[in-house]
Amino acid sequence: MVRTMSLLRAMIRTARVMRHTPRLADGLTPAEAVLLDAPDDRLGPALVAAAVGEYEPAAKLLATTRESAEWENRDRYVVRLAAFARNREAWLGDWLAVSPHDADALVVKAELAVRRAWESPARPEMLREVGPLIDAAAEAEPGDPVPWRIALDHARGTHATHTAFESLWEHAVRRSSHHHGCHVAALKYLSAQWYGSHRECFDFAEKAAEDALPGSLVQALPVRAAFAQLLGGEARTSVQDDRIDAAADLAITLSREYGPGDPWPAEVRNLLAYVLVTRGRWDEALAQFRLIGPYATSFPWSSMTEDPLARFLQTRDGARIEVAAATPLRGRPGAAALPTAAGP
């Protein structure tokens, strides 16, 4: 009898999946059109120019962000330009040769040096050697929080004490009290993987989200803390699971403030989709995959695989199958998973 019931459930699940899965593709960007870490319309031309050895568009872009205090955009662009220079550095070398004291070139140079040091087996020694580059970037533009975000990442790798890290944190938030990148750097330092615990990580994230400005990506810090705990794989209590679900709920609310296919919250939505899938909240996860559109991001998928785009697509397909399997044969698939328009 037990075997018969198990077979019956399996057959019903298969029938539901076969019936509903194709319809649930509505609203999802076709797999061949999904891009990994696609640049926005401002960064794209700078990367194209850098690919042929021209640094001027990158210089103009970063100068604009500095002059207009677009610190969040500046941080994102610095990270992407440094990542590009990791394997194609000639354009950055030309820029520095012409303008060795340029604040924008120096901050990219510092980010690149820290990135390379993090990837080295001799990480602590290399990180200590690049400290002066971070100092130079900070001195070149005293109001810029991005060198201080780099300093926070640097401090984590050099085993900085809590006291030393707090001093850097004060410098960072003095320049931009709600800077997302600096908050993420602090969250990593406080994580159980580094120098804190899951509780410290969550406490910091929830307090920062509570104080964040409307629409700020800082409101997604708790879902980053949730991701860190889920990735750790340790057994959790019901209280911890409730905290993870509350973090996801807050990130869903934040996601609603942006339109479908908006590249700005793409990383948050990718992270949220992962957390929702891990918690078995399939309808809500599928809704986020629809909102993500073509903007797959390396994080969080690269934390689990060397092929983050494939993992993104596999997880998206898995969510679609689970929603289909839970929909009665005569039901309408995906009703709860359809995204709503941007707004409160």
Side-chain angles (χ1 to χ4, degrees), residues 10 13-45 47-48 51 76 79-80 83-84 87 217 220 223-224 226-227 230-231 248 251-252 254-256 258-327 329 331-342:
R13 175 183 171 87
T14 300
R16 289 175 171 179
V17 169
M18 295 293 291
R19 178 178 177 82
H20 297 311
T21 300
R23 301 180 188 179
L24 287 168
D26 292 345
L28 292 174
T29 300
E32 63 273 13
V34 176
L35 306 171
L36 184 68
D37 299 328
D40 65 21
D41 293 340
R42 298 171 71 190
L43 178 62
L47 291 175
V48 170
R76 288 192 179 198
V79 169
R80 293 297 302 277
F84 186 84
N87 297 310
L217 298 188
V223 87
R224 278 184 173 265
F227 169 76
L230 290 169
L231 199 65
I252 288 172
L254 174 64
S255 179
R256 291 195 189 107
Y258 296 91
D262 188 335
W264 180 254
E267 186 177 88
V268 166
R269 284 173 168 164
N270 276 252
L271 177 60
L272 173 57
Y274 171 87
V275 170
L276 291 169
V277 163
T278 305
R279 294 293 296 143
R281 296 169 61 171
W282 304 108
D283 286 283
E284 293 163 301
L286 189 58
Q288 293 305 314
F289 281 119
R290 287 198 174 98
L291 290 169
I292 287 166
Y295 294 105
T297 57
S298 290
F299 179 79
W301 315 107
S302 59
S303 301
M304 297 148 267
T305 177
E306 293 183 356
D307 190 347
L309 180 56
R311 183 60 178 263
F312 170 88
L313 294 172
Q314 290 165 3
T315 306
R316 193 180 72 165
D317 286 343
R320 190 156 58 103
I321 289 170
E322 292 297 334
V323 172
T327 303
L329 285 172
R332 181 168 66 90
L338 292 174
T340 58

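One is the number of the first residue; the rest follow in order along the sequence.
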Would the distance check show the side chain of D37 and the main-chain N or O of F299 forming a donor-acceptor pair, the cut-off being under 3.5 Å?
no
Nearest heavy-atom approach of A248 to L272 is O-CD1, 3.7 Å
Mind checking the CG-CG spacing from L254 to L217? Nearest 0.5 Å is all I need.
6.0 Å
Does V268 reach the side chain of L271, with side-chain heavy atoms less than 4.5 Å apart?
no
Whether the side chain of R76 engages the backbone of W264 through a donor-acceptor N/O pair (distance < 3.5 Å, no angle test) should be reported.
yes
Grab the two heavy atoms, one from G261 and one from Y295, that are nearest each other, plus how far apart they are.
O-CE1, 3.1 Å
What one should report as the nearest heavy-atom pair of T29 and P294 is OG1-N, 3.4 Å
When rounded to the nearest 0.5 Å, the distance separating CG of D262 from CD1 of I292 is 12.0 Å
Hey, what do you get for CZ (R290) to CZ (R269), rounding to the nearest 0.5 Å?
13.5 Å
Distance in Å, D307 CG paired with S298 OG, rounded so as to fall on 0.5 Å steps
10.0 Å
R311 backbone acceptor or donor facing T315 side chain under 3.5 Å
yes
Inter-residue atom distance L276.CG - W282.CH2, 0.5 Å rounding
10.0 Å
Starting at CZ of F312, measure out to CG of N270 and round the result to the nearest 0.5 Å.
5.5 Å
For a 4.5 angstrom cut-off between non-hydrogen side-chain atoms, does F289 reach V277?
yes
Any side-chain heavy-atom pair from Q288 and R281 closer than 4.5 angstrom?
no
Would you name the heavy atoms of A273 and A285 that are closest together and state the gap between them?
O-CB, 4.1 Å
Would you call the rings of F227 and Y274 parallel, tilted or perpendicular if under 30° counts as parallel and over 60° as perpendicular?
perpendicular
